[in-house]
Amino acid sequence: MMWIPLLSLTALPHVGGIFGGLITRKEVKSWYTTINKPSWRPPNAAFPIVWTTLYTGMGYGSYLVWKELGGFTQDSLVPLGLYGMQLALNWAWTPIFFGAHNIKLAMIEIVMLTGTVAATMVSWYPISRTATLLMVPYLAWLCLATSLNYCIWRDNPDPKKDD
């Protein structure tokens with residue numbers, strides 16, 4: 001029955017991605033078209049493909065760590081706790097940016113997310129190098145997303161005084 005945790009942990013990140021996609025789908029066609037964005041941003045069609053790949057990789061990585069540590073044990077508290085924290089931060093970014101249109105708060109949040117992903121990777125490395133390597137594309141994408149978020153924040157000052 002090891003396939004149940006494998007499928008569950010691999011699928012878990014997609015749960016927030018699906019809900020985030022519902023928010024994003026509406027806002028990409030309305031609010032997002034009205035804000036200034038850098039010319040180098042990826043096309044909108046790339047995002048669902050990239051996120052599906054990244055969510056699958058991080059989910060499978062969490063399964064590898066879970067399996068290596070014998071499930072949810074005392075030893076798994078830090079590595080899977082950090083993973084859960086980064087997953088919650090990941091899921092929170094979309095409602096902040098696309099739902100609330102709070103670009104500055106989204107910028108702060110994505111910096112915290114990127115740091116938490118890096119900490120997760122450091123905690124995973126001694127347990128499973130494969131799991132850690134599965135997080136590398138995610139961290140790289142977050143660096144791009146953080147740069148994109150910053151440029152959007154910089155180029156779209158809050159009319160209510162963004163400070």
Side-chain angles (χ1 to χ4, degrees), residues 6-66 80-124 130-163:
L6 168 67
L7 290 178
S8 300
L9 290 170
T10 302
L12 177 62
H14 294 278
V15 172
I18 290 167
F19 287 113
L22 296 174
I23 296 168
T24 303
R25 177 177 291 161
K26 176 182 164 241
E27 296 299 326
V28 154
K29 296 175 185 168
S30 57
W31 170 75
Y32 193 66
T33 63
T34 68
I35 62 174
N36 298 316
K37 297 170 285 299
S39 61
W40 51 263
R41 79 184 187 290
N44 291 344
F47 287 86
I49 297 163
V50 169
W51 279 111
T52 299
T53 304
L54 296 175
Y55 282 144
T56 302
M58 76 173 79
Y60 183 65
S62 74
Y63 165 75
L64 293 175
V65 170
W66 176 87
L80 293 180
L82 284 167
Y83 174 73
M85 184 184 305
Q86 73 79 28
L87 197 56
L89 287 166
N90 178 294
W91 291 346
W93 184 88
T94 299
I96 294 167
F97 185 88
F98 282 104
H101 306 161
N102 192 331
I103 301 168
K104 180 180 181 179
L105 182 58
M107 180 67 213
I108 294 166
E109 200 273 359
I110 202 168
V111 168
M112 292 179 1
L113 168 59
T114 304
T116 306
V117 169
T120 300
M121 292 171 69
V122 168
S123 76
W124 283 14
T130 302
T132 306
L133 291 173
L134 286 167
M135 296 286 275
V136 169
Y138 178 36
L139 185 61
W141 182 260
L142 284 177
C143 290
L144 174 79
T146 301
S147 299
L148 180 58
N149 195 147
Y150 171 76
C151 290
I152 292 172
W153 173 56
R154 179 195 64 203
D155 298 341
N156 295 278
D158 187 342
K160 298 174 284 194
K161 187 69 178 131
D162 193 6
D163 48 34

Quiz item: ring pair (Phe, Tyr, Trp, His ring centres under 6.0 Å) with W31: which residues, sequence neighbours excluded?
Solution: F97, H101
Quiz item: F47: what forms a ring pair (Phe, Tyr, Trp, His ring centres under 6.0 Å) with it, not counting sequence neighbours?
Solution: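 F47 satisfies ring pair (Phe, Tyr, Trp, His ring centres under 6.0 Å) with W141 only.
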Is the closest side-chain heavy-atom distance between [X] and [Y] below 4.5 Å?
X: M121; Y: V136; result: yes
X: N149; Y: W93; result: yes
X: C151; Y: W40; result: yes
X: V111; Y: I108; result: no
X: R154; Y: N36; result: no
X: I152; Y: P38; result: yes
X: L89; Y: M85; result: yes

Hey, what do you get for [atom1] ([X]) to [atom2] ([Y]), rounding to the nearest 0.5 Å?
X: L9; Y: L6; atom1: CG; atom2: CG; result: 8.0 Å
X: I35; Y: D155; atom1: CD1; atom2: CG; result: 9.5 Å
X: N90; Y: T114; atom1: CG; atom2: OG1; result: 10.0 Å
X: T146; Y: I110; atom1: OG1; atom2: CD1; result: 4.0 Å
X: L142; Y: M135; atom1: CG; atom2: CE; result: 8.5 Å
X: L82; Y: T116; atom1: CG; atom2: OG1; result: 7.0 Å

Quiz item: Where do V28 and F98 land on the side chain to side chain contact (heavy atoms under 4.5 Å, CB included) test, with the steps shown first?
Solution: CA-CA 8 Å; V28 154; F98 282 104; 4.0 Å; yes
Minimal non-hydrogen separation, [X] against [Y], with atom names:
X: A118; Y: L139; value: N-CD1, 4.4 Å
X: A46; Y: P42; value: CB-CB, 4.4 Å
X: G17; Y: W91; value: N-NE1, 3.9 Å
X: I23; Y: G99; value: CG2-N, 3.8 Å
X: V65; Y: A131; value: CG2-CB, 3.8 Å
X: I49; Y: T53; value: O-OG1, 3.0 Å

Quiz item: Yes or no on side chain to side chain contact (heavy atoms under 4.5 Å, CB included) for H14 and W51, after CA distance, side-chain angles and deciding distance?
Solution: CA-CA 9 Å; H14 294 278; W51 279 111; over 6 Å; no
Exercise. Could you check Q86 against Y138 for side chain to side chain contact (heavy atoms under 4.5 Å, CB included), going step by step and ending with a plain yes or no?
Key: CA-CA 11 Å; Q86 73 79 28; Y138 178 36; 2.6 Å; yes
Quiz item: In this structure, are over 12 heavy atoms from other groups packed under 6.0 Å from M107 atom CE?
Solution: yes
Self-check item: More than 12 heavy atoms from other groups under 6.0 Å of CZ on R25
Solution: no
Exercise. Carefully, step by step, assess S62 and W124 under the rule side chain to side chain contact (heavy atoms under 4.5 Å, CB included).
Key: CA-CA 9 Å; S62 74; W124 283 14; 4.0 Å; yes
Practice problem: Please determine, by modelled atom types, if W153 and D158 share a side-chain donor-acceptor pair under 3.5 angstrom. | Solution: no
Practice problem: Can you sort out the partners of R41 under side-chain contact (heavy atoms from CB on, under 4.5 Å), two or more places apart, ordered by chain and number? | Solution: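 With sequence neighbours excluded, R41 shows a side-chain contact (heavy atoms from CB on, under 4.5 Å) to Y32, K37, L148, given in chain and number order.
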